[in-house]
Amino acid sequence: MKKRRMAVYYTGSGFNESGFFFLLRDRILNNNFNNKGHIDQVKMVKICCLGAGYVGGPTMAVIALKCPSIEVVVVDISQPRIAAWNSDTLPIYEPGLDEVVKECRGRNLFFSTDLEKHVSEADIIFVSVNTPTKTRGLGAGKAADLTYWESAARMIADVSKSDKIVVEKSTVPVKTAEAIEKILMHNSKGINFQILSNPEFLAEGTAIKDLFNPDRVLIGGRETPAGQKAIQALSDVYAHWVPQDRIIATNLWSAELSKLAANAFLAQRISSVNAMSALCEATGADVAEVAHAVGKDTRIGPKFLNASVGFGGSCFQKDILNLVYICECNGLPEVANYWKQVIKINDYQKNRFVNRVVSSMFNTVSGKKIAILGFAFKKDTGDTRETPAIDVCKGLLGDKAKISIYDPQVTEDQIQRDLSLNKFEWDHPVHLQPMSPTTVKQASVVWDAYSATKDAHGICILTEWDEFRNLDFQKIFDNMQKPAFVFDGRNIVDAEKLREIGFIVYSIGKPLDSWLKDMPAVA
Ligand SMILES: NC(=O)C1=CN([C@@H]2O[C@H](COP(=O)(O)OP(=O)(O)OC[C@H]3O[C@@H](n4cnc5c(N)ncnc54)[C@H](O)[C@@H]3O)[C@@H](O)[C@H]2O)C=CC1
Ligand SMILES: O=C(O)[C@H]1O[C@H](OP(=O)(O)OP(=O)(O)OC[C@H]2O[C@@H](n3ccc(=O)[nH]c3=O)[C@H](O)[C@@H]2O)[C@H](O)[C@@H](O)[C@@H]1O
C-alpha cells in the first residue's frame, strides 16, 4: 500500500505537494522508501517549535517523549529562556515536567536559539509564540496583537527551502490562518506550505497530565486533498499516544474558533458561580452547597464551579476580549456584549473582595499590614499572568495598606514587576518588557506564611496552595494584631475552626460572620 502511494506521488527529483505529505506520513510511521521503492535508512521527521513558553516547552517535551522517532527542537528569541531549558532549573514550574525533559533532552529533544537553522530543516513547524492583547492602535485593549506571529511567519517564509506544515499552536483570532497563508505564500519560492490550526487545551499546573491524556486533540486544516493529508500527518504524530477517537479534524476556522469558545465557556462558568456567590452572601445561602446541587445535574456537571476571588491566567481574559473584538468586527454587538459580561463579573468579583477587606477593617487599611498568601493565578504554578492577586494588591495599596506577600513559587522580582507593569505589558516576551520597573515600597515579599502574617491586621488568601490548608492558625493568630481577620478568596480554610480560634473570617459566597453583617454593602 505504501509502496504504491510512493510510486504514484514521488516524481523523480522532487515531490508534488501530495508526495511530500505522504513521505512525511511514512516517515512519521517510521517506514521510509527511496525513489526505487526500497526502504531507506530511517530519516527522522523533524519538528521545530517557535516559542519555548508554557505551551511550547511542555507540549514539545511530551511529543518527544511519546515519539522517540521524531526529532523535536524548541527554539526561542529569548536566550535566557533557552539557557534555562538547557539547565537543571527549567524556566517554568510544572509538576512532572522535569522528569519528561530529563528523559528526552539530548536524545530527541533540543532547545536552541538558532531559529533559522531548525526552521529550515523542519518538516513540521509549530508556532507557539505570544499573542497578547493589543495595547495601542486599532482594537487596543481587545484585539490580539499578532506581531510575534507575523514575524515568525515571515522568518519561516524567508528561510524555508522545502515543503512544510505550519501549525498554529498559539491561540489566535479566527481567520488568522488566512493571513499567515498570505505571508507564507507571498514569499514561497515554489515551496508548498500547509497551515493547520492545532490549538492547545492544557491547563497550567496539570499540563503534563493534560498532555498525556487530552480530552481531545483538535486539528483544523484546508478542505483540499493537500490540507487533508497535512491533517493526517499531524494526527499520526498524536496517534503515538492519543486514541484515534479523541483526535478531531475540522476546517481551519472551526478549530480556531473552538479554542476561543472553549475558554469563553470555561470562564463563563466561573463568572456564573461568582455572580451567585454575591447573591449567596446577601441571602445566607452557601455557594458551595449551591454549586454542588447545580453540578449534580449531569447536563451541567460538577467541574469548574468553585467560587473564587476571580479567575486569572494568561488566557481567559485575553481570549474573551479577542472574541468580543471579533464579534464587534463582524457586526454582532449583542454577542460581543454577552461575552463582555463574563469579564465584567470577574472585575466585579475582584473589586468586591477588596471592598470587603477595607470595609470590614473599619473602612480603612491605611498603614495596616495585610498578609497576602498566594500570588500565582492558581496553585501548582509560578505563573502570575493576570492573577487576581495583582488587582487585589493594587486595590489595597490604593487604600495605603502595607502588604506582605508570600507565594511558594513566585519570586520577589516577579511580584514587584507585576505590581508596577501596566495592563497587558506582562504578556510580551520577557526580554521585551520594561527592564527595571519601579519597586513598590509598600509591598514586601517574604519566604514563609508565618513571616507574612506576623503583626498583620488581616490575611488575604489569594491562591489555593495546599500548604495554606495546614498552617498553624493558632500560632498565626497569636502573632497578629487584634481583631484578626482572614479573607479567604479561595474557600480553602475551615472557617468554623478559625472562628473558634478568634479570627473574623470572610469566605466567598458563604453565610457572613456576624461582624461582617453590619458592615456597609459592598460593590
Ligand atoms: N499558557 C497556557 O496555559 C496556554 C497558552 N496558550 C496560548 O499559547 C500561546 C503561547 O502561550 P505561552 O506559552 O503561555 O506564552 P509564553 O510567553 O510562555 O511563551 C511564548 C514564547 O514565545 C517566544 N517568542 C515570541 N516571539 C517569537 C518568535 N518570533 N520566534 C520565536 N520565539 C518567539 C517568547 O520569547 C516566549 O518565550 C499563546 O497564544 C497562548 O494564548 C494556549 C493554551 C494554554
Ligand atoms: O488557553 C489557556 O491558556 C488555558 O486556559 C485555562 O487553563 P489555565 O488558565 O491554565 O487554568 P484553569 O485551571 O482554567 O484556571 C484559570 C483560572 O480560573 C480559576 N478557577 C478555575 C476553576 C474554578 O472552578 N474556579 C476558578 O476560580 C483558577 O483559579 C484560575 O485563576 C483552560 O482551563 C485551558 O483549557 C486552556 O488551555
Side-chain angles (χ1 to χ4, degrees), residues 48-59 74-82 84-85 91-92 94 112-113 115-116 118-119 125-133 144-156 168-173 176 199-207 210 214-215 259-260 262-267 269-274 277 291 295 302-319 322 346 349 374 376-381 383-389 426-433 462-464 489-491 508:
C48 177
C49 175
L50 292 167
Y54 283 88
V55 169
T59 311
V74 191
V75 295
D76 203 290
I77 49 175
S78 163
Q79 196 277 332
R81 208 159 208 190
I82 290 299
W85 279 109
I92 61 176
E94 192 60 64
S112 169
T113 48
L115 280 73
E116 299 189 357
H118 295 292
V119 163
I125 301 165
F126 285 83
V127 184
S128 183
V129 302
N130 318 62
T131 49
T133 304
D145 178 348
L146 294 178
T147 311
Y148 305 106
W149 235 107
E150 185 176 335
S151 92
R154 285 184 189 280
M155 190 269 287
I156 296 170
E168 288 176 350
K169 200 46 150 168
S170 305
T171 304
V172 290
T176 297
E200 184 48 60
F201 295 101
L202 67 80
E204 289 177 30
T206 53
D210 297 342
D215 285 345
K259 172 63 195 177
L260 296 179
N263 273 0
F265 277 46
L266 288 168
R269 271 175 86 91
I270 304 168
S271 279
S272 298
V273 77
N274 281 345
S277 75
K303 292 184 182 166
F304 253 68
L305 287 177
N306 291 322
S308 65
V309 59
F311 60 73
S314 62
C315 293
F316 279 175
Q317 175 172 288
K318 160 175 89 69
D319 293 349
N322 184 354
N346 200 46
Q349 189 74 345
F377 80 96
K378 62 189 277 197
K379 73 170 184 177
D380 291 337
T381 177
D383 195 353
T384 59
R385 293 178 293 179
E386 216 44 68
T387 174
W426 50 266
D427 204 12
H428 292 265
V430 175
H431 65 289
L432 299 180
Q433 290 173 15
L462 301 183
T463 314
E464 72 282 20
R490 298 289 182 169
N491 288 353
I508 304 264

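Read the numbers this way: they start at 1 and go in the same order the structure lists the ligands and their atoms.
- In the vicinity of Leu305, heavy-atom distances shorter than 4.0 Å reach the ligand 2 atoms 24 (O).
- For Lys378, a nitrogen or oxygen atom sits less than 3.5 Å from a nitrogen or oxygen atom of ligand 2, counting backbone and side chain alike.
- Around atom 1 (O) of ligand 2, the closest heavy atom drawn from Glu204, Gln349, Lys259 belongs to Lys259.
- Atoms CG and CD, from Asp383 and Glu94 in turn, are 9.5 Å apart once rounded to the nearest 0.5 Å.
- With Asp383, Ile92, Ile77 as candidates, the residue nearest to atom 32 (N) of ligand 1 on a non-hydrogen basis is Ile77.
- Atoms of ligand 2 found under 4.0 Å from any heavy atom of Glu200 (numbered from 1 in listed order, with element): 37 (O).
- Assignment of Arg385 to the shell around ligand 1 is supported, since a heavy atom sits closer than 4.0 Å.
- Looking at heavy atoms from C-beta onward, Lys318 lies in side-chain contact with Cys315 at the 4.5 angstrom threshold.
- For the residues Gly313, Ala267, Gly312, the heavy atom positioned nearest atom 17 (C) of ligand 2 is part of Gly312.
- Within the 4.5 Å cutoff, the side chain of Phe316 has no heavy atoms near those of the Asn346 side chain.
- Between Tyr54 and ligand 1, an N or O atom pair is found at a separation short of 3.5 Å.
- Residue-ligand proximity: Arg490 is placed with a non-hydrogen atom under 4.0 Å from ligand 2.
- Contact annotation: for Ser151 versus ligand 1, heavy atoms closer than 4.0 Å belong to the side chain alone.
- Distances from atom 6 (C) of ligand 2 to the heavy atoms of Tyr54, Phe316, Phe304 put Phe316 nearest.
- Ranking the protein heavy atoms by distance from atom 24 (O) of ligand 2 puts Asn306 N, 2.9 Å first.
- Put simply, the side chain of Asp76 gets close to the backbone of Ala52: a donor and an acceptor are under 3.5 Å apart.
- Considering Arg154, Gln79, Arg81 only, the shortest heavy-atom separation from atom 36 (C) of ligand 1 involves Arg81.
- At least one side-chain heavy atom of Phe311 sits less than 4.5 Å from a side-chain heavy atom of Ser271.
- The closest donor-acceptor contact from the side chain of Asn130 to the backbone of Pro132 lies at 3.5 Å or more, if one exists at all.
- In this structure, Thr206 and Asp380 have side chains that are not in contact, with every pair of non-hydrogen atoms separated by 4.5 Å or more.
- Residue contact check for ligand 2: Asn263 places a non-hydrogen atom closer than 4.0 Å to it.
- Nearest heavy-atom pair, Pro173 versus Leu146, reported as atom, atom and distance to 0.1 Å: CD-CD2, 4.0 Å.
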With side chain to side chain donor-acceptor pair (under 3.5 Å) as the test, would you mind laying out the steps for Gln349 and Ser277 before giving the verdict?
CA-CA 9 Å; Gln349 189 74 345; Ser277 75; 3.0 Å; yes
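- Looking only at heavy atoms of the protein, atom 3 (O) of ligand 2 is closest to Cys315 SG, 2.7 Å.
- When hydrogens are left out, the protein atom nearest atom 31 (O) of ligand 2 is Phe377 O, 2.8 Å; that is the closest non-hydrogen contact.
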Begin from the C-alpha positions of Met155 and Leu50 and carry the test side-chain contact (heavy atoms from CB on, under 4.5 Å) through to its verdict.
CA-CA 11 Å; Met155 190 269 287; Leu50 292 167; 3.7 Å; yes
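- Contact detail for Gly374 and Leu462: the closest heavy-atom pair is O-CB, 3.5 Å.
- Considering every non-hydrogen atom in both Val129 and Ser170, the closest pair reads O-OG, 2.8 Å.
- Residue Val55 has at least one nitrogen or oxygen atom sitting less than 3.5 Å from a nitrogen or oxygen atom of ligand 1, judged on distance alone.
- Considering backbone and side-chain N/O of Leu202, one or more are found under 3.5 Å from N/O of ligand 2.
- For the residues Thr171, Ile82, Val129, the heavy atom positioned nearest atom 33 (C) of ligand 1 is part of Val129.
- Selection from Met155, Glu200, Glu168, Lys318 by nearest heavy atom to atom 43 (C) of ligand 1 gives Glu200.
- Between Ile270, Asp380, Asp319, it is Ile270 that holds the heavy atom closest to atom 18 (O) of ligand 2.
- The closest side-chain heavy-atom distance from Phe304 to Ile270 is below 4.5 Å.
- Looking at Ser78 next to ligand 1, no N or O pair under 3.5 Å apart turns up.
- Among the atoms of Phe201, some N or O lies under 3.5 angstrom from an N or O of ligand 2.
- Comparing heavy-atom distances from atom 33 (O) of ligand 2 across Leu266, Thr463, Val309 singles out Leu266 as nearest.
- In terms of polar-atom proximity, defined here as any N/O pair under 3.5 Å, Asp319 makes no such contact with ligand 1.
- The closest side-chain donor-acceptor pair between Ser308 and Glu464, if any, does not fall under 3.5 angstrom.
- Panel note: side chain Arg385, backbone Gly313; no donor-acceptor pair is recorded below 3.5 Å.
- Among Thr59, Asn130, Val75, the residue whose heavy atom sits closest to atom 20 (C) of ligand 1 is Asn130.
- Listed by number with element, the atoms of ligand 2 under 4.0 Å from a non-hydrogen atom of Ser308 are 26 (C), 27 (O).
- Distances from atom 31 (C) of ligand 1 to the heavy atoms of Asn263, Asp210, Leu115, Val74 show the closest one on Leu115.
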